[in-house]
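Structure, as structure tokens:
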Amino acid sequence: MRIGIFICHCGSNIAGTVDCARVAEISTGFPDVVYATDPVYTCAEPGQAAIEAAIHDHRLDGVVVASCSPRMHEPTFRRTVERAGLNRYLFEMANIREHVSWIGKDRDANTNKAAELVKMAVAKLRNNRPLLAKSFEVNKKVLIVGGGVAGIQAALDCADGGVPVILLERESTIGGKMAKLDKTFPTVDCSACILGPKMVDVAQHPNITLYAYSELEDISGYIGNFTVKIRKRATYVNWEKCTGCGACSEKCPSKKTPDTFNELTGVTTAINIPFPQAIPKKAVISAEHCRQLTKGKCGVCAKICPTGAVVYDMQDDVVTEEVGCIIAATGYDLMDWTVYREYGGGQYPDVITSLQYERLLSTSGPTGGHIRRPSDGLEPKHIVFIQCVGSRDKSVGRPYCSGFCCMYTAKQAVLTKDHLPFSQSYVFYMDIRAPGKLYDEFTRRAVEEYGVEYIRGRVSAVYPDGEGAYVVMGVDTLLGRSVEIKADIVVLAVGIEASRGAAALAEKLRISYDNYGFFMESHVKLKPVETNTAGVFLAGVCQGAKDIPASVAQGSATAAKVLALFARDRLENDPQTAQVDTRRCVGCGKCIRCCPFGALKETTIRGEIKADVIETVCQGCGLCTTTCPQGAVQLSHATDNQILAEVNALCRC
Amino acid sequence: MPVLNSKELRIVGFLCNWCAYGGADTAGVARAGQPTDLRIIRVPCSGRVDPLFVLKALLEGADGVLVSGCHPRDCHYAAGNFYARRRLEVLKRFLPVLGIDDARFEYAWVSASEGQRWQHVVTSFTKRIHAMGPAPHFDDAKPLLRVADMALTALRPLGTAQNAAVNELKQVIKDKLPELNCVIGWQQGYDGAHATPLFMKTPEDVDKLSWGPFNVMNPAVYLPLFKGKKTGVVVKGCDSRSVVELLQENLIKREDVIIFALPCEGTLDIARVNEKLGRYTRINAVAYDEAGVTITADGKEHRFCMNDFAQGKCYGCATPMAVLADTRLGEPHKVNPVSSVPPELAMLDDMALSERMAFWRGQMERCLRCYACRNACPMCVCRDYCVSDSRNPHWMSQDADINQKLFFQTIHALHLSGRCTGCGECQRACPVGIPILALRQQIARAVAQLFDDYKAGLNPAALPPLLGYEAHEKNIHERDWK
Amino acid sequence: MTYAYYPGCSAKGSSTDYEKSTQAVCDFLGLTLVEMPDWNCCGSTPAHAVDTELSAALCARNLDIAARQGAEMLLTPCPSCLSNLKHAANRLEKPEFRARVDALLDNPAAGNFPAVTSVMQGIAAHCDVNDIAKHIRKNLKGLKLAAYYGCLMSRPAELMDFGDPENPSLMENLLAACGAEMLDFPLKTACCGASYGIPERAVTARLSGRILKLAACMQADAVAVACPLCQMNLDLRQPQAAKAADAFFNMPVLYFTQIMGLAFGLSPAALGLEKLRVSADSLLRKLEAEGGKS
């Protein structure tokens, strides 16, 4: 090889503590090095031009740049060498800024270390091979998992962009958590009125196929070519025939079915449509509560149904769909707040979650929009809101802020005053986090116009006073005194966690998730909706706490990603993938078992079983290379020989 | 170029590109001062760090090796660090048996945002290595030769299996023979004191089948060669574990193998037998009794009691009868269910680190690099593509130096992580009698300690621990870098 | 296990009924309490509030006596004494602190101190809940009780080692074993006002009133306590508390040992029930009536 070396000064960033000229001089002694220089700014245009010129003038077929971190400028310099006609992988970087000049002041030691890092890079480069990307076709169809507001927005934007969408929803209706809300902050407009039309659009859009009451069973494949299996759970109602007239639920005798849509604040019938604006507006039978399905006798709904849609022996159905990319928008659930024993731990009927309170406020809720205490149906006079129940609390393993509780608590306090003009609301808070547009103004209105009493401090205990009310004991940290408030109803702003089953879904999608089940984005700041699995995007709260506007924005952002991806007919893979040397492979399948992406499969070559890499699926982690005892699978650009060359360059001296 | 004399020691870091390398960058951006000793090799994932890279570095002169990747659960590749954690932990428990202080190797999880943590990890690890000083080298050690103490009590009575139902077995094999490609077993070798493998294709071949303490070879080693052809195999208990392991690894198919088993009462350590026989020209006779054999060589009688001359592995054997078989004839002796440390490993356990290094130095000087150990190993399935003979990948040079020889042994041992059944064929085949089985035994012990007493070759359906992971490992605990 | 028994000053004055019933119940269960010779006051609230070293010196002397007696465990019925002794023993583990305390004592304390624990925990360690059930002569079935621990017994959690500091349950376990119906009393570890009964009577009246009111609302037949000061505030000061709570109470406040004694069939006199300001007669009558029923 003919290798050229560029030891960057980075102004004084490197040259300040490294003798760059000396490093360049030492470098000329390394094998295959024919040229070495020390430009002041290598990444600047003249610096890059100098590399191109050197490649031509010295007939270089490999380049090492010693400068900043490759995480910073590796892509830059790869393009540089490519412009000069070299394969982009015949380039190596030595990080002598972040790992040398910036962390040590000893000039001799730094110079020596920099030279060694260059030596390592040269050793690796001598083992580099040109790598070429492969191109493959894209199936221009998207799967969206989760029909909350983020999923709905993503679905509509994709569909409007001409992309066929498959929208998957676990419940029998789309709408997610937003559909349960009465009003939304900071405008206090009706949630159903703004979400409803979007839900109808989903139902009517020719490009959207909706699978409600369905779950993702299995995923295989890779960006551009995923195969997904969808389990359509048995609804016991033929939705083709169901008109959503609701006659069945009027007559259903099993009237004590827990109403999950109403957050268990009320009861419903075993066959029901969760709420009037449900999409699809179709009935579902709860198998655990239906008399026909549990005891074998009843059959009222089948008799009453005008279209004969009830099918008691319906089974789950699994359908297969082919898509090119996937958007996860699985939202959140509330954390188990019963761990808070000091708030009654779920034993007091009038200590409820804010989502339950939302249902009490809602006209479609169990009380028809009249605020009544669950225990005795009386109108409360004193309402205490406790914020941060399961947020920012390390003692229950929830150190993060749930983001939107400050705002909805203010909204609920405002609505309470609207509903019950003679009531008094109190809010215990830690800090008010209202950074959104019009947010702080809104919380101020709650205090200034609606007379909500905000008390900065935590609540130590809630207990029934024995006379039908509850005593809320807390501390006012601004006044430095303890406070005791008699409340008729206590509303807990319960913190959120990733929706149940999120971890299992993440494993199917082969994406990472954090300790709380939230999906990991590719980069916290710069790739907030991408994941590390190509072709899988994130929208809404499944990625972390956020409110409705942010969820909608992310929904649209994912749609933009999908449309950008589908703007191309063919995709190119990253050629840093594993390669199988079929002569060395003995077909033991250890690599197949370990691969986190399912990128290896068995194949038969001349009657013998061998491993085979699906290059488009391979993400380049190299676990297979480590696993294969005979070294038959090698990760391109991080082969055993390349890493061994680096080890040897360092240790054999 | 040499390390800055007296100022620096040689510390090699393997860092994953996404978290740890990013963390080191973050530390740099924050100008978080660090010792200059560390040299970082960037890898895509901690899962890419083959434990052999670490060993290679340590054998080639590194004074310390640090591996760092994403925190568990944060892996860029979802699970790479989970696998790495298991493999690196096994490595950590393996190093001391070679005489390498395991404190010279460490792994730590650092995220891309944890610049301060990275600074702390590097500083404290470098401090630790400086406190330990330059790593001792095998080349510098004074050879130490020591022999394992074989005065042992077996977990079951050892004997010569004179009452084994060999004749019934022969009949069973003859009945099955027509549907089989061949049946692998043993026959008498060039004299009564040696056995050789027997490949039975005809009823006459079956009549040659022998059963007794000279049947030392593991017939499972031949099975992968017959892959795809229906083959019978006669096994001792230990051999059957190799069969199970081959099944587990998909290298043979259950429907292609018929297993015949008799209870084993132990096999002779031929090396020690030969040592006692001394130089001789001819074996005149071999007489069996229940407890041992009497060999007449050049007219002189030598008595070998099984209890004194069994192979080291036989003393701690808990599977005298095949763990998996189609035909089992006879009942094995009851095994006393106590745990025991194999004699070779016990010898090393009793040594100091420096003595172990000196021991392996002495042993490796005797190694011929003949690879008999590899060829005898039933789990060495790479066959013609062993990395020791390869230039791509080029793990080893052909130099006959101590480091290359010992590195080959560690490659073999680490490739057997969670796979070695302890059949001991590597050691038995060694023409110069190096107790290399001890290295495999230490790996097996570490695997058992870490992963719920897992033992290879007992259950064909088991998931080998190093091909799996738990998000929360019961027995692997994160180092405290506070 | 050899025990030393430290009764504390209250036992000799305001809470002789606690002392009497404690002795009677422990005696009945075969747990012999031998009073330490020549013990002194633990220092109570004033000592440690003013000078931790002096307070520790008082406790060190007591711990020393117990240690010289050869006791492995020091038992005390009073939570305040328990708290002082435990805090002192903990602080005395630091050599420099101990040196300063030793300087205050005529005879520096020697050797290791015995562990300190409450009589309640001592009883529970001596015989488990099943054993207690075997000793029952008069089942307390039908008796609704609120167990009230006060603020000291379980706090600070790491020092007092009394289970969940917010929700201890030992007293409930003991009394439930005697057949009583134990209410889930939310204020079981709330403050009764403690020594504010003297300088700021209104504070104690308000805090005690809150406790009594909730117990009354929950229809408790009595409040069971383990602290002489709590008992005094809830019982002796009940009229003041009632006034503060704007209510009327007739709530017997008994030591848990008195209640256990009743279950063991001991006579009211042996348990010192006559010392209560709010008579326990209502309780006894209810017990008779319930006994008649079963």
Side-chain angles (χ1 to χ4, degrees), chain A residues 26 69-71 95 97-99 102-106 108-110 112-113 115-117 119-120 510-515 520 532 576 583-584 586-590 593-594 596-597 619-623 625-627 629-632 634-635 638-641 643-644 646-648 650-653, chain B residues 1-4 7-8 10 12 17 21-22 24-25 27-29 31-36 39-45 47-50 53 56-57 60-62 73-80 83-84 87 119 224 228 249-251 381-383 385-387 390 392-395 415 467-468:
Chain A
I26 297 170
S69 171
R71 285 165 55 95
N95 183 348
R97 192 177 76 175
E98 282 85 345
H99 293 186
W102 278 353
I103 58 165
K105 294 199 167 69
D106 182 334
D108 286 345
N110 281 356
N112 178 61
K113 182 174 177 181
E116 284 193 15
L117 294 184
K119 184 183 171 198
M120 253 170 63
R510 302 190 174 107
I511 58 177
S512 311
Y513 52 99
D514 67 15
N515 283 331
M520 299 283 284
N532 290 333
Q576 296 178 75
R583 280 174 312 138
R584 301 187 76 87
V586 298
C588 66
K590 292 190 187 80
R593 223 189 279 209
C594 285
F597 303 97
Q619 303 284 312
C621 68
L623 193 56
T625 314
T626 307
T627 304
Q630 56 273 38
Q634 290 292 332
L635 175 63
T639 60
D640 284 342
N641 278 3
I643 297 173
L644 282 168
E646 292 179 275
V647 173
N648 290 338
L650 273 182
C651 297
R652 286 185 182 160
C653 52
Chain B
M1 115 216 32
V3 173
L4 286 183
K7 246 175 156 176
E8 279 185 1
R10 174 58 77 224
V12 180
N17 179 50
Y21 197 92
D25 282 356
V29 171
R31 312 296 198 274
Q34 295 155 41
T36 53
R39 306 285 182 265
I40 293 170
I41 295 176
R42 184 167 66 127
V43 290
C45 175
R48 176 66 189 92
V49 183
D50 195 321
F53 287 134
K56 179 83 179 167
E60 295 286 352
R73 283 249 165 84
D74 286 354
C75 180
H76 182 84
Y77 302 104
Y83 288 96
R87 293 167 187 185
Q119 177 191 30
E249 297 198 0
N250 207 14
L251 293 160
V381 292
C382 311
R383 300 288 161 193
Y385 295 103
C386 176
V387 293
S390 155
N392 188 19
H394 195 193
W395 285 93
H415 279 179
L467 296 183

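In the text below, chain A, chain B and the rest are named by the order of the sequence lines, each starting its count at 1.
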Electrostatic pair A/R593-B/E249, nearest N-O below 4.0 angstrom: no

A/D106/B/K7 ion pair, N-O < 4.0 Å: yes

With a 4.5 angstrom heavy-atom cut-off, is it the side chain or the backbone of [X] that approaches chain B, or both, or neither?
| X | value |
| --- | --- |
| A/T627 | both |
| A/R583 | both |
| A/L117 | side chain |
| A/Q634 | side chain |

Chain A contacts, top residue of B/G47, B/C386, B/A84, B/A78 (heavy-atom pairs, under 4.5 Å):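 Top option by heavy-atom pairs under 4.5 Å: B/G47.
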
Partner chain A: residue of B/P224, B/A57, B/G61 with the largest heavy-atom pair count (under 4.5 Å): B/A57

Contacting region of [X] [heavy-atom separation from chain A under 4.5 Å]:
| X | value |
| --- | --- |
| B/I41 | both |
| B/V43 | side chain |
| B/H394 | both |
| B/A32 | backbone |

Side-chain (A/K105) to main-chain (B/G33) donor-acceptor, under 3.5 angstrom: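 No: the side chain of A/K105 does not pair with the backbone of B/G33.
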
Any donor-acceptor pair under 3.5 Å from A/S69 side chain to B/D25 backbone: no

Mind ranking [options] by heavy-atom pairs under 4.5 Å with chain B and telling me who comes out on top?
| options | answer |
| --- | --- |
| A/G622, A/C621, A/G631 | A/C621 |
| A/V647, A/L644, A/N95 | A/L644 |
| A/G620, A/A632, A/P70 | A/P70 |
| A/Q630, A/R584, A/E98, A/E646 | A/R584 |

Partner residues of B/K56 under the salt bridge (charged side-chain N to carboxylate O under 4.0 Å, His left out) criterion, sequence neighbours left out: B/E60

Those residues that, when tested against B/R48, pass salt bridge (charged side-chain N to carboxylate O under 4.0 Å, His left out) (two or more places apart):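 Counting only residues at least two positions away or on another chain, B/R48 forms a salt bridge (charged side-chain N to carboxylate O under 4.0 Å, His left out) with A/D640.
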
Exercise: do B/H76 and B/N17 side chains pair donor with acceptor under 3.5 Å: no

Residue pair B/Y385, B/S390: steps toward the side chain to side chain contact (heavy atoms under 4.5 Å, CB included) verdict: CA-CA 7 Å; B/Y385 295 103; B/S390 155; over 6 Å; no

